Amino acid sequence: MSVIDEKDPQNPVRMYKSLRLYSGSANRPLAEQIAKILGVELSGLALEKFANGEIYARFDESVRGADVFFVQSISGDVNDALMELLIATDAAKRASARTITAVISHYGYARQDRKASPREPITARLVANLIERAGVDRVITLDLHQGQIQGFFDIPVNHLSALPLFGEYYNNKNFDTDNLVVVSPDVGRAKAAKKLSDMLGCSLAIAHKGRPRHNAAEVMGIIGDIEGKTCIINDDMIDTAGTLCASVRELKKMGAGDIYVCATHAIFSGPAVERLNDAPIVECLVTDSIPVEVGGKIKTLSVANEFAEAIEAVYEERSVSKLVGGDFAL
């Protein structure tokens with residue numbers, strides 16, 4: 001929301017009378033960047049642990065009637081990060097916050113979004129149920145593992161994408177588009193890869209692979225022409241990087257030229273960083289949806305501005321609703 005600065009009428013000044021921005025422990029650097037862009041203070045939230053590992057949360061200020069935005073990445077110590085989100089939400093709800101928005105830069109447990117085999121859970125739905133039951137009114141998140149996860153919520157979900165950031169980054173490299181191809185690591189990622197290839201004005205290839213077990217896959221073949229071409233592999237996340245690096249080596253055997261890798265969420269479990277730096281790639285580009293150390297072949301793009309714009313839009317909608325006396329249900 002903008003108001004006019006009386007000292008300088010030409011410059012609108014942002015005013016957030018009831019916005020409160022808080023951060024969990026999983027990605028405080030991103031929350032600090034978002035706060036800086038919005039021009040607000042990152043408010044105080046005490047997060048502690050009891051001796052037995054239970055999480056304690058308490059707001060250091062009144063949130064009565066406030067629009068609370070809680071920035072958290074469900075990553076790192078995934079279970080603690082999720083519980084921080086739920087417990088902080090419960091604290092805000094019991095402290096009479098007007099609305100609560102969970103700003104989830106990485107939505108953990110999203111890979112189990114369906115029953116691929118008998119007697120399996122659907123954890124993406126379970127987490128959605130937990131978030132809603134805790135009292136969250138809206139979710140802002142980035143590049144879900146599958147877009148259909150939005151349908152697991154009965155509350156509004158703002159689903160952001162890092163693809164435009166990747167598109168701008170690679171367009172600035174001025175690649176020869178006739179010799180450039182975006183490679184989808186599997187059939188499920190083909191639609192997103194097609195969007196990126198359209199942004200870059202280049203062709204698309206799709207890797208067909210089998211997955212004998214979790215965190216393992218084998219490339220069975222490539223649909224499309226990659227021989228001698230610069231390849232950009234796009235995915236939503238990199239976990240152990242074992243599957244990705246094996247795919248890169250297979251692409252090289254099939255005649256691929258320079259290979260670039262980009263992914264939204266750098267989970268980087270175990271030896272992922274070492275594997276990426278040893279792999280025959282030019283660079284690995286990820287976002288700061290999860291904190292990551294930059295170095296070697298790993299580079300990052302910030303998604304703070306995208307989240308800040310989404311928070312501002314949601315807050316302005318709520319402010320308008322409050323001014324006209326309506327119930328916010330967007």
Side-chain angles (χ1 to χ4, degrees), residues 106 111 143 145 162-163 165-167 169-200 202-290 292-301:
H106 171 63
R111 280 176 283 191
D143 281 340
H145 188 57
L163 284 178
L165 293 177
F166 293 139
Y169 177 85
Y170 290 120
N171 272 324
N172 289 336
K173 285 186 171 292
N174 297 316
F175 287 122
D176 175 9
T177 54
D178 292 332
N179 196 44
L180 182 67
V181 58
V182 173
V183 180
S184 173
D186 52 44
V187 175
R189 189 66 183 171
K191 186 177 292 185
K194 178 63 167 63
K195 290 180 180 179
L196 182 58
S197 69
D198 289 343
M199 293 176 190
L200 301 179
C202 67
S203 58
L204 172 71
I206 302 172
H208 169 59
K209 63 186 181 184
R211 189 175 291 277
R213 60 188 183 280
H214 295 302
N215 293 113
E218 298 174 354
V219 176
M220 312 296 290
I222 293 289
I223 302 171
D225 180 21
I226 64 167
E227 189 169 356
K229 292 188 176 183
T230 299
C231 297
I232 299 175
I233 302 177
N234 171 255
D235 211 342
D236 66 313
M237 67 175 71
I238 300 174
D239 193 350
T240 64
T243 297
L244 173 64
C245 292
S247 298
V248 166
R249 292 186 174 89
E250 286 298 316
L251 291 178
K252 279 292 188 182
K253 291 179 182 178
M254 296 176 183
D258 290 340
I259 297 178
Y260 293 76
V261 171
C262 63
T264 303
H265 307 296
I267 299 175
F268 288 176
S269 302
V273 173
E274 290 78 6
R275 285 174 172 171
L276 289 167
N277 282 322
D278 291 340
I281 61 174
V282 177
E283 68 178 24
C284 175
L285 182 66
V286 295
T287 77
D288 58 353
S289 67
I290 298 173
V292 60
E293 291 186 10
V294 179
K297 296 179 181 179
I298 298 170
K299 296 184 179 180
T300 62
L301 292 174

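Predicted model, so just to flag it, every value in this text is computed and none were measured.
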_Atom of Gly270, atom of Glu274 and distance for their closest heavy-atom approach_ = O-OE1, 4.2 Å

*For Ala190, does its backbone N or O pair with a side-chain atom of Ser184 as donor and acceptor, under 3.5 Å?*
yes

*Where do Asp143 and His265 come nearest, in terms of heavy atoms and distance?*
O-NE2, 3.1 Å

*With a 4.5 Å limit on heavy-atom distance, are the side chains of Val261 and Leu285 in contact?*
no

*asked:* Nearest 0.5 angstrom please: Leu200 CG to Leu163 CG, how far?
replied: 10.0 Å

*Quick one: pull up NZ in Lys173 and OG1 in Thr230 and give me the separation to the nearest 0.5 Å.*
11.0 Å

*asked:* Could you tell me if the side chain of Val182 sits less than 4.5 Å from the side chain of Cys202, heavy atoms only?
replied: yes

_Which atom of Phe166 lies closest to which atom of Leu301, heavy atoms considered_ = CD2-CD1, 3.9 Å

*Do Ile232 and Ser197 touch side chain to side chain, with heavy atoms closer than 4.5 Å?*
no

_Nearest non-hydrogen partners of Pro185 and Asn234, listed with the distance_ = CD-O, 2.9 Å

*Between Ser203 and Thr177, does a side chain to side chain contact (heavy atoms under 4.5 Å, CB included) hold up when you go through it step by step?*
CA-CA 8 Å; Ser203 58; Thr177 54; over 6 Å; no

*Flag the pair Val248 / Pro280 as yes when at least one side-chain heavy-atom distance between them is below 4.5 Å, and no otherwise.*
yes

*Run the numbers on Phe268 and Ile298 for side chain to side chain contact (heavy atoms under 4.5 Å, CB included), then give the verdict.*
CA-CA 11 Å; Phe268 288 176; Ile298 298 170; 3.8 Å; yes

_Just checking Lys194: does its NZ atom have more than 12 heavy atoms from other residues, nucleotides or ligands closer to it than 6.0 angstrom?_
no

*What's the spacing between Asp236 CG and His106 NE2 if we round to 0.5 Å?*
8.5 Å

*Looking at CG of Leu204 and CG of Asp225, how far apart are the two atoms once the value is rounded to the nearest 0.5 Å?*
12.0 Å

*If you look at every heavy atom in Arg275 and Cys245, which pair is closest and at what distance?*
O-SG, 3.5 Å

*So which of Lys252, Lys229, Arg249 actually passes side chain to side chain contact (heavy atoms under 4.5 Å, CB included) with Ile259?*
Lys252

*Heavy-atom distance under 4.5 Å between the side chains of Ile281 and Lys297, does that happen here?*
yes

_Residue pair Cys284 / Lys299, side-chain heavy-atom distance below 4.5 Å_ = no

_Is any side-chain heavy atom of Thr287 closer than 4.5 Å to one of Thr300?_
no

*Rounded distance (nearest 0.5 Å) linking atom CD of Glu227 with atom CD1 of Ile222*: 12.5 Å

*Side-chain donor-acceptor contact under 3.5 Å, Ser269 with Asp239*: yes

*Assess the pair Tyr169 and Tyr260: is the distance between their ring centroids shorter than 6.0 Å?*
no

*Point-to-point distance, once rounded to the nearest 0.5 Å, from NE2 of His145 to OG1 of Thr264*: 12.0 Å

*Any chance you could lay out the side chain to side chain contact (heavy atoms under 4.5 Å, CB included) test for Ile267 and Ile238, step after step, and finish with the verdict?*
CA-CA 6 Å; Ile267 299 175; Ile238 300 174; over 6 Å; no

*Ile226 to Leu251 - nearest heavy-atom pair and separation*: CD1-CD2, 3.6 Å

*Is there a side chain to side chain contact (heavy atoms under 4.5 Å, CB included) between Leu244 and Leu276 once you walk through the steps?*
CA-CA 9 Å; Leu244 173 64; Leu276 289 167; 3.8 Å; yes

_Minimum side-chain heavy-atom gap Val292-Val286 below 4.5 Å_ = yes

